[in-house]
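Encoded as structure tokens, the structure appears first; notes follow it.
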2 protein chains.
Amino acid sequence: MAVIPFRKPHDPWAFEPTRSGATLSSRIVEEVCTALFDKRLAPGDRLGTEKDIAEQAGASRIVARDALRTLQALGVVEIKVGAGGGARIARGNPALFAEALAVQLTLAGVSVREMMDAQRAIETTAAELAAENATAEDLATLRESLAEHEATIADDAAYTRTCMRFHLAVAEASHNRVLVAQLLSLQHVSWPAQNRTLTAPVARHILDVHRELVDVIASRDAAVARRLMDDHVKMIRARRVSEDQTSTCC
Amino acid sequence: MAVIPFRKPHDPWAFEPTRSGATLSSRIVEEVCTALFDKRLAPGDRLGTEKDIAEQAGASRIVARDALRTLQALGVVEIKVGAGGGARIARGNPALFAEALAVQLTLAGVSVREMMDAQRAIETTAAELAAENATAEDLATLRESLAEHEATIADDAAYTRTCMRFHLAVAEASHNRVLVAQLLSLQHVSWPAQNRTLTAPVARHILDVHRELVDVIASRDAAVARRLMDDHVKMIRARRVSEDQTSTCC
DNA sequence: AAGATGATAAAGATGATATCTTTAGTTCGA
DNA sequence: TCGAACTAAAGATATCATCTTTATCATCTT
């Protein structure tokens, strides 16, 4: 094979059928990802220009381009144009991953019920951990959000966005980036069909619950925070399920 | 380019001129994703060949290629070569998404603690829902897995894989695809450093707990199933955290 | 002789290469 | 500070290679 492999020649996997059958660009992608998992590459590391990568792989620039497009879509690299530019290993980008999950869930056609149960799983734990880990700064952010609730309570769309940000702020107060990333993806998917059946009494009730939640988190009562969030998400779930049924059965 | 703002319900992109700052390929990616979220595209739908897409976008094949590479990496399309080939909207592929999350979590450098707390969030809810929704077939699968536990209990690596499959089977018994997808990704990340501190007594204890869990799920007791799984994952968490500390502090 | 099977050629589509122009950043010097 | 030179990606065009499907034709069997 004329192609200079990224892997060392002594690698027994180098000529596996699955590997040799793959495209050149996919092998570059694999190589970079493997290096990333093996900690041989870290965020900020420079991969070089398209030309550099092409030369290293013994392939043309298009191949390097294809690989970089894929790595970029996966959020592995960031690409800059101009002098000193090229590809670098990116820092983590939760939003990107959230979109990937959103795509997958849409393709799989998951139901509202499934979505909301998963959201309950994430958010109850987030509330619990927020009660344990929230800093003074986190609490300030949550209280700011409560003020925003009052300011936007008359505007359905704005109020919905405020509530989403509040829930995200709770997750961030848990100081668990996995939970934040997962909640972010779920919100991405469930966002469009959100602002219905939002009457004034419901809005006020939500605000009351959110207020109570902040107090409980501030008082460091993890068990109560979990229970409160559990009830809250169950209520949201009930509303969404009914919304979904009315929209599909008519 | 890979960041896709797919929430633009009232954005008629039909006559929109080139938006500065965005590449041509990124706009194709945007359009396809938007169409997907708006249900104008569904799995199996044909997007056409690279040439078709290029012509439709009024650009060259390179642009269409770049867009398809990105969409492929996101798991949105599947590409076939040969006559009648081209790009089609893919069915959901959880494995692909799991890989994407693994990359993101690696880049973000999340701690074992964060991973395990998220896993606890997912798995406790999965156990709860499994108790409510498990079919006879699900229970048979779980009992098969228990038999496999006994067969592999002497082999650390095999036993670890068996346990992972058991936990996944519980998630599948919940009939919630979101939870399955999320657990799959977490397992993908935490898989490599799994088989340490697995002594014979620990293995036996795990088997006991798994057996009890199946019984509880079979008896449809959701609350007990959740509590049991909660304790179980907390035990796993304790083991993993200690493993992590011994490996990093020395 | 009719139908089934196998080989082959043609067409369609991605994979890959080479070369070029344009556009967007960076660096450096006046 | 501003602008020019440089660098590198974005994009275009042409060409070849490789893989797949499909249609055709020859051969073999019944």
Side-chain angles (χ1 to χ4, degrees), chain A residues 1-6 15-32 44-90, chain B residues 1-4 16-32 44-90 96:
Chain A
M1 200 190 305
V3 174
I4 302 165
F6 265 47
F15 293 103
E16 277 290 312
T18 54
R19 285 191 175 276
S20 62
T23 61
L24 293 178
S25 59
S26 72
R27 276 196 281 169
I28 295 176
V29 171
E30 263 185 57
E31 191 51 42
V32 172
D45 285 0
R46 204 182 135 82
L47 282 183
T49 68
E50 288 182 352
K51 207 170 168 183
D52 296 337
I53 295 169
E55 275 175 18
Q56 269 184 61
S60 74
R61 251 189 72 208
I62 297 287
V63 171
R65 244 176 108 86
D66 283 354
L68 287 179
R69 281 295 88 76
T70 299
L71 289 169
Q72 198 178 22
L74 291 172
V76 175
V77 303
E78 279 168 354
I79 293 173
K80 285 201 308 184
V81 298
R88 286 178 178 283
I89 302 293
Chain B
M1 122 144 57
V3 176
I4 310 135
E16 191 180 336
T18 306
R19 260 195 330 205
S20 55
T23 62
L24 293 178
S25 59
S26 73
R27 276 194 292 157
I28 296 177
V29 172
E30 261 183 58
E31 283 193 25
V32 172
D45 285 0
R46 207 182 134 81
L47 282 183
T49 68
E50 288 183 351
K51 211 173 177 180
D52 296 338
I53 296 169
E55 275 176 20
Q56 206 175 323
S60 74
R61 229 186 101 194
I62 298 282
V63 172
R65 242 179 112 80
D66 283 355
L68 286 179
R69 281 295 88 78
T70 299
L71 290 169
Q72 197 177 23
L74 291 172
V76 175
V77 303
E78 278 168 353
I79 294 173
K80 281 204 314 182
V81 302
R88 286 178 178 282
I89 301 294
L96 216 154

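Any value given below was found using the heavy atoms of this structure, including those in side chains, with hydrogens, waters and symmetry copies removed. What you are looking at is a predicted structure, and each value in this text was computed from that prediction instead of being measured. Quick note on labels: first sequence line is chain A, next is B, and so on, each numbered from 1.
Taking 4.5 Å as the limit, every side-chain heavy atom of B:Gln72 sits out of range of all side-chain heavy atoms of A:Thr70. Between B:Arg65 and B:Ile79 there is no side-chain heavy-atom pair separated by less than 4.5 Å.
In DNA chain D, runs of at least 3 consecutive Watson-Crick or G-U pairs, each pair with both distances below 3.5 Å, span C:1-30 with D:1-30.
Remark: P of C:dT17 and CZ of A:Arg65 are 14 Å apart, rounded to the nearest angstrom. The interatomic distance linking B:Glu78 (CD) with C:dA13 (P) rounds to 18 Å, in whole Å. Rounded to a whole Å, the CG atom of B:Asp66 is 9 Å from the C1' atom of D:dG11. In this structure, A:Arg88 atom CZ and D:dA9 atom C1' are separated by 15 Å, rounded to whole Å. Rounded to an integer number of Å, the gap from B:Asp52 CG to C:dA13 P is 7 Å. Atom CG of B:Leu68 and atom C1' of C:dA13 are 12 Å apart (whole Å). Between A:Ile53 atom CD1 and D:dA8 atom C1' there is a gap of 12 Å when expressed in whole angstrom units.
Between the side chain of B:Arg46 and the backbone N or O of B:Gly85 there is at least one donor-acceptor pair closer than 3.5 Å.
The CZ atom of B:Arg69 lies 12.5 Å from the CG atom of B:Leu74; values are rounded to the nearest 0.5 Å. To the nearest 0.5 Å, atoms CG (A:Leu47) and CG (A:Asp52) are separated by 10.0 Å.
Of the residues in residues 44-51 of chain B, those placing a heavy atom less than 4.0 Å from an atom of DNA chain C are B:Thr49, B:Glu50, in numerical order.
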Identify all pairs in which a protein N or O lies below 3.5 Å from an N or O of nucleotides 12-15 of chain D, and state each distance.
from   : atom 1 : to      : atom 2 : distance (Å)
D:dA12 : OP2    : B:Ser60 : N      : 2.9
D:dA12 : OP2    : B:Ser60 : OG     : 3.0

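In terms of heavy atoms, A:Ala57 sits closest to A:Ile28 at CB-CD1, 3.7 Å. Listed here is the closest heavy atom pair of A:Asp66 and A:Ser25: CB-CB, 3.7 Å. Heavy atoms only, all atoms of each residue included: A:Val29 and A:Ala67 are closest at CG2-O, 3.7 Å. In terms of heavy atoms, A:Ser60 sits closest to A:Ala54 at O-CB, 3.4 Å.
Each of A:Ile53, A:Thr49, A:Val76, A:Val32 was evaluated against A:Leu68; a single residue qualifies, A:Ile53, per the side chain to side chain contact (heavy atoms under 4.5 Å, CB included) test.
The pair B:Arg88-B:Glu78 fails the salt-bridge criterion, with no side-chain N (NZ, NE, NH1 or NH2) lying under 4.0 Å from an Asp/Glu carboxylate O.
For B:Ala83 and A:Val81, each mapped to the nucleotide of DNA chain C holding its nearest heavy atom, the one lying further toward the 5' end belongs to B:Ala83.
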